[in-house]
**Q** 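First the structure, which I've put down as structure tokens, then a few questions once you've had a look.
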Amino acid sequence: MIFDYETYKLIWWAFVGVLLIGFALTDGFDFGVGMLLPFAGRNDGERRVLINAIGPTWEGNQTWFITAGGATFAAWPLVYATAFSGFYVALMVLLFSLFLRPVGFDYRGKLADPRWRSAWDWGLFVGGLVPPLIFGVAFGNLLLGVPFRYDESMRVAYHGGFFDLLNPFGLAAGLVSVLMLLMHGAAFAQVKTEGEIAARARRIGIGAALGTALLFTAAGFWAARLPGMRIVAMPDPNGAFTPLAKTVTVAAGAWMDNYARWPATMALPALGIGAALLAALCMRLRRPRLAFGASALAVAAIILTAGAALFPFILPSSLDPRSSLTVWDAVSSKRTLGLMFWMVLLFLPIIVVYTAWVYRVMRGKVTLDYIRENNHTSY
């Protein structure tokens with residue numbers, strides 16, 4: 001092992017963050033195009049153009065989500081167990097909405113009946129809308145705290161329900177997530193399509209980008225007024241200890257502590273707002289590749305803003321702040337983190353290079369002429 005335990009804990013916090021951002025950047029524009037589908041495509045041919053823009057790569061993009069889930073299970077087993085128990089209904093809704101995507105892609109073209117295809121178009125819309133909404137609501141509720149506690153035997157009890165998650169701040173965070181990925185999907189659609197389809201995507205994308213900047217700003221001021229958590233005492237972070245070994249206090253505005261401690265982190269929310277506005281400007285100027293780059297930057301900055309505010313908390317508890325799970329006490333053993341560290345160093349570059357190669361091979365626009373000429377091989 002080349003690092004101490006504390007360093008491995010920090011490295012795995014960064015690794016999980018990279019996986020979540022990778023998922024948002026790649027599968028995020030798939031979700032966005034799904035949300036665009038009934039509106040940017042006015043007929044079957046135009047909708048098939050949009051579907052074929054993401055059809056060859058969406059499955060590969062979704063593996064980022066699966067990998068992030070696996071990394072959470074391996075690196076943060078307490079987070080995995082507590083979150084999947086407490087958010088069980090929300091996760092089931094998420095999974096069933098995701099089920100609509102592979103079935104929609106594979107079965108939409110099996111029948112030429114307009115009603116059949118329209119039904120699957122709306123299924124793909126739901127599969128694009130619901131996951132970003134649930135992810136955003138989940139992030140919002142992390143800042144509010146999740147109603148769980150551990151007893152002295154480290155048995156977890158969850159005291160909330162699905163509808164408790166649908167509070168005003170959680171829904172606002174969910175709307176930020178939806179608009180953010182709609183912006184990202186609209187930018188990608190402009191890169192991959194042309195004509196009226198790209199024009200409609202541009203109009204929707206400009207509105208989504210401006211909405212993202214505005215609502216993200218409002219949510220930031222809202223979060224600054226929320227009660228946050230501070231660790232005031234805990235064992236040596238280079239050792240292993242249970243969540244109940246630390247002391248946590250709750251104070252208004254505590255989620256802004258890290259921004260005061262490390263002023264450079266203030267660049268993250270500023271970058272999120274500025275990049276969203278830049279994406280809107282590039283769309284307006286018909287510079288789709290620049291718009292896509294700016295939207296990707298905005299997505300990454302917004303996620304990092306939430307991560308920076310929460311650090312070192314991963315799953316805060318609203319019932320018993322001491323039970324909150326953090327980077328320091330929710331992790332696997334040092335040996336486990338060390339072995340997985342080397343696996344990540346080996347496989348993550350391969351995945352990134354392969355993904356880049358796939359997108360290079362699949363580069364270029366999808367047109368109506370292509371759809372007509374490849375009627376039996378395209379989606």
Side-chain angles (χ1 to χ4, degrees), residues 18-37 40-41 44-68 70 98 101-110 120-121 124 127-128 131 181-195 197-198 201-202 205 279 282-283 286-300 343-379:
V18 167
L19 290 172
L20 290 176
I21 291 172
F23 168 60
L25 293 180
T26 56
D27 214 25
F29 63 71
D30 293 339
F31 291 139
V33 171
M35 288 186 271
L36 281 173
L37 190 60
D44 181 64
E46 291 181 348
R47 291 175 182 176
R48 290 185 65 204
V49 167
L50 288 167
I51 291 172
N52 277 270
I54 59 174
T57 55
W58 74 270
E59 288 178 291
N61 293 340
Q62 196 156 280
T63 58
W64 285 91
F65 176 49
I66 298 169
T67 306
L98 289 174
R101 302 176 74 213
V103 181
F105 283 121
D106 289 340
Y107 283 89
R108 181 189 184 279
K110 299 299 183 183
W120 285 118
D121 289 341
L124 290 171
L181 297 188
L182 180 59
M183 166 190 67
H184 198 42
F188 182 77
Q190 292 168 64
V191 173
K192 294 291 290 183
T193 65
E194 58 186 18
I197 305 172
R202 184 183 309 114
C282 291
M283 292 182 202
R286 291 173 169 77
R287 303 295 297 273
R289 292 186 182 277
L290 289 177
F292 182 69
S295 73
L297 192 59
V299 169
M343 293 180 64
V344 169
L345 285 190
L346 175 64
F347 288 108
L348 187 59
I350 296 173
I351 293 170
V352 172
V353 170
Y354 176 74
T355 301
W357 176 78
V358 168
Y359 278 98
R360 177 174 174 79
V361 171
M362 302 306 299
R363 69 188 185 278
K365 292 185 179 293
V366 181
T367 64
L368 282 169
D369 289 339
Y370 170 83
I371 295 297
R372 297 188 186 104
E373 293 168 4
N374 298 271
N375 189 53
H376 298 292
T377 56
S378 56
Y379 289 90

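Keep in mind that what you see is a predicted model, and the values were worked out from it rather than measured. Along the sequence shown, residues are numbered consecutively beginning with 1.
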**Q** Describe, in one word, how the ring planes of F292 and H184 are oriented to each other, choosing from parallel (under 30°), tilted (30 to 60°) and perpendicular (over 60°).
**A** parallel
**Q** For residues M283 and A291, report the shortest heavy-atom separation together with the two atoms involved.
**A** CG-CB, 3.7 Å
**Q** Between R48 (side chain) and G45 (backbone), is there a donor-acceptor pair under 3.5 Å?
**A** no
**Q** Mind checking the OG1-CZ spacing from T26 to F31? Nearest 0.5 Å is all I need.
**A**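 Here the interatomic distance stands at 9.0 Å.
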**Q** Nearest 0.5 Å please: distance from the CG atom of L98 over to the CZ atom of F65.
**A** 6.0 Å
**Q** Measure the CD1-CZ distance between I197 and R202 for me, rounded to the nearest 0.5 Å.
**A** 12.0 Å
**Q** Any side-chain heavy atom of R360 within less than 4.5 Å of one from R363?
**A** yes
**Q** For W58, enumerate each residue passing the ring pair (Phe, Tyr, Trp, His ring centres under 6.0 Å) test, keeping only those at least two apart in sequence or located in another chain.
**A** F105
**Q** Would you say R108's side chain and W120's backbone share a donor-acceptor pair under 3.5 angstrom?
**A** no
**Q** With rounding to the nearest 0.5 angstrom, report the CE to CZ distance, M35 to F29.
**A**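 The CZ atom of F29 is 13.0 Å from CE of M35, to the nearest 0.5 Å.
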**Q** Working to the nearest 0.5 Å, report the span between OG1 of T57 and CG of D30.
**A** 5.5 Å
**Q** Minimum heavy-atom separation for A186 and L36, please, with both atom names.
**A** CA-CD1, 3.5 Å
**Q** Step through the shown structure and confirm whether more than 12 heavy atoms of other residues, nucleotides or ligands are within 6.0 Å of CZ on F347.
**A**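 No, not enclosed.
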**Q** What are the two closest non-hydrogen atoms of L182 and G32, and how far apart are they?
**A**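 Where L182 meets G32 most closely, the heavy atoms are CD1-O, 4.0 Å.
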**Q** What I'd like to find out is whether the side chain of V361 reaches to under 4.5 Å of the side chain of W357, using heavy atoms alone.
**A** yes
**Q** For N61, which of D27, I54, L25 qualifies under side-chain contact (heavy atoms from CB on, under 4.5 Å)?
**A**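 Option passing the side-chain contact (heavy atoms from CB on, under 4.5 Å) with N61: D27.
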**Q** Would you call D106 and R101 a salt bridge, using N to O less than 4.0 angstrom?
**A** no
**Q** Which atoms form the tightest heavy-atom contact between A68 and L20, and what is the distance?
**A**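 Heavy atoms only, the tightest pair is CB-CD2, 4.1 Å.
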**Q** For the side-chain contact (heavy atoms from CB on, under 4.5 Å) test, which of D121, V33, V366 pairs with I51?
**A**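 Of D121, V33, V366, side-chain contact (heavy atoms from CB on, under 4.5 Å) with I51 is met by D121 alone.
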**Q** Under 3.5 Å, side chain of K192 to main-chain N/O of G364, donor-acceptor pair present?
**A** yes
**Q** If you look at every heavy atom in A40 and A201, which pair is closest and at what distance?
**A** CB-N, 4.3 Å
**Q** If you take all heavy atoms of S295 and A187, which pair is closest and at what distance?
**A**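 Closest pair (atom of S295, atom of A187, distance): OG-CB, 3.8 Å.
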**Q** Any side-chain heavy-atom pair from T367 and V49 closer than 4.5 angstrom?
**A**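 SC-SC contact between T367 and V49 ruled out.
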**Q** How long is the straight-line distance from CD1 of I66 back to CH2 of W64, given to the nearest 0.5 Å?
**A** 13.0 Å
**Q** Indicate yes or no: at least one non-hydrogen side-chain atom of K365 is less than 4.5 angstrom from one of T193.
**A** no
